[in-house]
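Here is the structure we will look at, set down as structure tokens.
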Amino acid sequence: MTDTTSERSLAPEADLGQALASLLRRYLDGAREATDELPGGPRGYQVLVNATASTCSNQATLAQQLGIDRTVMTYLVDDLEKAGLVERRPDPADRRARQVLRTTAGETALAEAGRRIRAVEDHVLGGLAATDAQTFRRLLAAAAVDAPPTDHSMCDVAAEC
């Protein structure tokens, strides 16, 4: 018995860029809807994911990690702060820099949005067996570890943590 989904996924002529773009479009369509209650939508969600005291969360470093322009990041954090989801504090490692930290309301919003995002991810990867989806996530995370930030202007600006 042949599985056409497996045959398509194993096609040697498959273009990586086209496949990634297709998955990304499907993911972003769902992610926009899943995060529409958050300031900044998917970008706001990513800031909330990374705005934690256990990691380097100063504003410049977050912008670099997420590939967001510094100016855009400032407005995004302003909006998240006005919504009571994050707060800025002086960075203990560099008093000129500001840490961005989730508030209790930010924790709640992150948990709710996270559940919706996981449902989007499950839908996007729904054509894969559960073990294949896990493997894909693991391999994608490993491939992304050394990927440079999108916004290269931040590379020399971000503080080291």
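Counting only residues at least two apart or on different chains, the side-chain hydrogen bond (donor to acceptor under 3.5 Å, both in side chains) pairs with a member in residues 110-123 are Glu121-Arg137, Asp122-Arg137. Pairs passing the salt bridge (charged side-chain N to carboxylate O under 4.0 Å, His left out) check and including a residue from residues 77-87, sequence neighbours excluded, read Asp78-Arg88, Glu81-Arg88, Glu87-Arg89.
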Atom pairs and distances, side-chain donor-acceptor, residues 23-33, under 3.5 Å, sequence neighbours left out:
from	atom 1	to	atom 2	distance (Å)
Arg26	NH2	Val124	O	2.5
Asp29	OD1	Arg32	NH1	3.2

If you look only at distance, which donor and acceptor atoms sit under 3.5 Å apart when one is on a side chain in residues 102-110 and the other is two or more places apart or in another chain?
from	atom 1	to	atom 2	distance (Å)
Arg102	NE	Glu107	OE2	2.9
Arg102	NH1	Leu48	O	2.4
Arg102	NH1	Val49	O	3.2
Arg102	NH2	Glu107	OE2	3.3
Thr103	OG1	Gly84	O	2.5
Thr103	OG1	Leu85	O	3.2
Thr103	OG1	Ala105	N	3.4
Thr103	OG1	Gly106	N	3.0
Thr108	OG1	Thr104	O	3.3

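In this structure, Leu66 is not a member of the same hydrophobic cluster as Leu101, with clusters built from ILVMFWY side-chain heavy atoms closer than 4.5 Å.
Considering all non-hydrogen atoms of both residues, Met73 and Ala63 come closest at CE-N, 3.4 Å. The nearest pair of heavy atoms linking Tyr45 to Ala113 is CD1-CB, 3.7 Å. Listed here is the closest heavy atom pair of Val86 and Ala51: CG1-CB, 4.5 Å. The two atoms that bring Thr71 and Asp69 nearest to each other are N-OD2, 2.9 Å, heavy atoms only. For Pro39 against Leu80, the heavy-atom pair with the smallest separation is O-CD2, 3.7 Å.
Distance check, rounded to the nearest 0.5 Å: CG of Leu62 to CD1 of Ile68 gives 8.5 Å. Distance CD1/Ile117 to CD/Gln46: 7.5 Å, rounded to 0.5 Å. Interatomic distance, CD of Gln99 versus OG1 of Thr61, reported as 10.0 Å (0.5 Å rounding).
Other cluster members for Leu16: Leu20, joined by side-chain heavy-atom distances under 4.5 Å among Ile, Leu, Val, Met, Phe, Trp and Tyr. Alongside Tyr75, the hydrophobic cluster contains no other residue (criterion: ILVMFWY side chains under 4.5 Å).
A distance-only check finds a donor-acceptor pair linking the side chain of Thr135 to the backbone of Thr131 [under 3.5 Å].
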